[in-house]
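Order of appearance sets the numbers: ligands from 1, and atoms from 1 within every ligand. Note that the numbering runs from 1 along the sequence shown for the chain. Heavy-atom basis, side chains included; hydrogens, waters and symmetry copies ignored.
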Amino acid sequence: MAAAVGAAVAGPALLDAPAVGQTTARHAPPPLPEDPFTLGVASGDPLHNGVMLWTRLAPEPTVDGGGMPPHPYRVRWEVATDETMSRVVRRGASPADAAHAHSVHVDVRGLRPDRPYWYRFRVGDHLSPIARTRTAPAPYQRRLTLDFGLVGCQRYTSGYYTAYDDLAAADVDLVVHSGDYIYETGGNSVRSDPLPESITLDQYRNRHALYRTDAALQAAHATAPWVFTWDDHEVENNYTGLVPEVGSSTPDPAAFVARRAAGYRAYWEHMPMRGPAPTGPDLRIHRRIRWGRLADFLVLDTRQFRTDQTCGTNDVGGRCDAAFDPATQVLGTEQERWLSRGLRTSTADWAVLAQQVVFSQFAFVPGNPGIYNLDQWDGYPAARQRVLDMLAADRPHDTVVLTGDIHASFVSDLKADYDDPASATLGAEFVGTSISSDGSALNAVVPLILANNPHVRYANAQKRGWVKHTVRPHEWRADYRLVDDVSVMGAPVSTATSWVLPRGGQLESA
Ligand code: FE
Ligand code: CA
């Protein structure tokens, strides 16, 4: 199934349209008695003239096949300039078939830059909710303001998605997800996820669907387009490339290849991702999203092409000689070259690396071997220095790194050389905390990180939440919106700390 490209307005409005199959009775798929839009709708990867729309038909979300008959369906969609859908500017119909879990991916084009749109889907007599999206500004547009949310790490069992309710009410233009959209294992904590560990395609689909039933997550998707990348748990904790984690349920290399293919496929099926579905264990997710002249988001993949971490079997430990081998990779040679080109050719006010694992040095014990989290860029100091050298050469004053993974809030100066506190500051790294995933493991090391890393300006592992970023040509502001307690439904959310980075300047607490 190729994503359908949006056509200009033609044909009847969704409410007047014939039920699916009415005009081609011989091939009509069976009607769907129950609401198939249980997973909500979503949009993503905005362009200045278009956006991706997504939904998936799944009357019974966590059952194999989503409770859908095996037949292909056609899903009608429309895009309007108003929230009541009275001024429709694009409409069409897109396929939803069992081979793609009845997911719908629509690559709508022909929209105007820098404005909101509303959209919905219809199949048979069922209408989806109406959701809001927006297009990016035109490439030449200047003097812009962008409000966006940074989110990530949403283990279902660990708590309620109160942070998403807060984000949905904040009227942002964009949401950036840094990965761990699902966790491959279930359990019973604040909430129950009774599904078995995800290994097969159906198991990954069912888990994505369980997460997607959350009303707050659906509301966050319905408020703005998302730009997203994955981390490890979309496949398996701490995997690197084609190497499973130590103690994996799929230690056999061939089994892990099949598992990665299943995880990537299910991710594609559940995200408003542009481009065709993957047919094997590879899927390109690194890409550039431009926001006028204001910001170029270079969305990175630090999992798929990474070389194995060989300094020990734990995340946390000393760096061995192998970590400093120039052959080690976090991005892989091709993505690294793509990044270098992107940084060199970007004319935006801000270069934004939207990625997964902590970029700044976090020495728990400094020196070498020292003690570091080897699953972060700290485990790959040679690869990190190559990126820093690119930034120092091409974007020395205006880079922001956005990060997830560790379930704690950090604000750090981005340094040209982490071992030299006097080296140039290239920008900042904002590590968002988790939407829900537990961060208590980091509490014990926060004092060590603050004591041993002068570039780390703020650290807080106590609370979950999201980060509201307000980007202007000469100033980047980050407000950490933290939830009192994710084990209590509807707990209060407040701004715990705010930071301002003047372009070309130094981070200041606001
Ligand atoms: Fe996580
Ligand atoms: Ca992770």
Side-chain angles (χ1 to χ4, degrees), residues 149-161 163-164 175-187 189-191 193 197-198 204 207-208 210-211 214 217 228-241 243-248 259-260 263-264 266-267 271 285 299-306 308-309 314-316 330-331 353-360 362 372-380 401-410 429-443 445 459-467 482-483 486:
L150 172 65
V151 301
C153 288
Q154 52 197 43
R155 190 186 282 277
Y156 186 85
T157 54
S158 298
Y160 296 105
Y161 292 168
Y164 276 136
V175 175
V176 175
H177 195 290
S178 58
D180 290 355
Y181 192 94
I182 58 158
Y183 285 71
E184 75 279 22
T185 54
S189 183
V190 177
R191 294 197 284 184
D193 170 354
E197 181 173 0
S198 293
Y204 280 108
R207 183 152 267 114
H208 273 279
L210 170 68
Y211 279 55
D214 183 277
L217 177 58
F228 43 85
T229 188
W230 52 40
D231 191 25
D232 49 347
H233 287 285
E234 285 84 353
V235 178
E236 183 191 55
N237 180 48
N238 283 7
Y239 84 92
T240 54
V243 181
E245 74 168 325
V246 176
S248 171
R259 186 179 186 177
R260 195 176 93 170
Y264 285 6
Y267 186 82
M271 288 294 174
I285 194 170
V299 183
L300 306 185
D301 179 351
T302 62
R303 288 287 169 193
Q304 185 171 192
F305 309 107
R306 194 200 286 215
D308 193 20
Q309 187 281 106
N314 295 322
D315 288 12
V316 175
V330 173
L331 303 176
L353 307 189
Q355 53 103 54
Q356 301 78 11
V357 292
V358 170
F359 188 81
S360 302
F362 279 12
Y372 300 85
N373 182 332
L374 302 171
D375 186 59
Q376 300 176 180
W377 284 85
D378 268 343
Y380 302 80
V401 181
L402 304 174
T403 302
D405 183 49
I406 52 165
H407 313 168
S409 307
F410 290 94
E429 178 177 28
F430 297 105
V431 183
T433 181
S434 54
I435 288 291
S436 57
S437 308
D438 186 27
S440 56
L442 236 69
N443 277 321
V445 294
N460 176 354
Q462 300 284 355
K463 289 187 179 178
R464 320 280 68 83
W466 66 287
V467 188
L482 302 189
V483 183
V486 291

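- Listed for the E236 side chain is a donor-acceptor partner under 3.5 Å among the backbone atoms of E245.
- Among the atoms of D180, an N, O or S atom falls under 2.8 Å of the Fe ion (ligand 1).
- At least one donor-acceptor pair under 3.5 Å links the side chain of D378 to the backbone N or O of F362.
- Between R306 and D232, no side-chain nitrogen of the basic residue sits less than 4.0 Å from a carboxylate oxygen of the acidic one, so the salt-bridge criterion is not met.
- Around the Ca ion (ligand 2), the protein atoms of type N, O or S that sit closer than 3.0 Å are D180 OD2, D231 OD2, D232 OD1, D405 OD1.
- At a cut-off of 2.8 Å, S437 does not coordinate the Fe ion (ligand 1) through any N, O or S atom.
- Between D193 and R155 there is no salt bridge, since no side-chain nitrogen of the basic residue lies less than 4.0 Å from a carboxylate oxygen of the acidic one.
- Aromatic ring orientation, F228 versus Y267: perpendicular (interplanar angle above 60°, classes split at 30° and 60°).
- Here C153 meets the criterion, with an N, O or S atom under 2.8 Å of the Fe ion (ligand 1).
- Rounding to the nearest 0.5 Å places OH of Y156 at 4.5 Å from CZ of R191.
- Between Y164 and Y161, the ring planes are perpendicular. Angles over 60° get that label, and only those under 30° would be called parallel.
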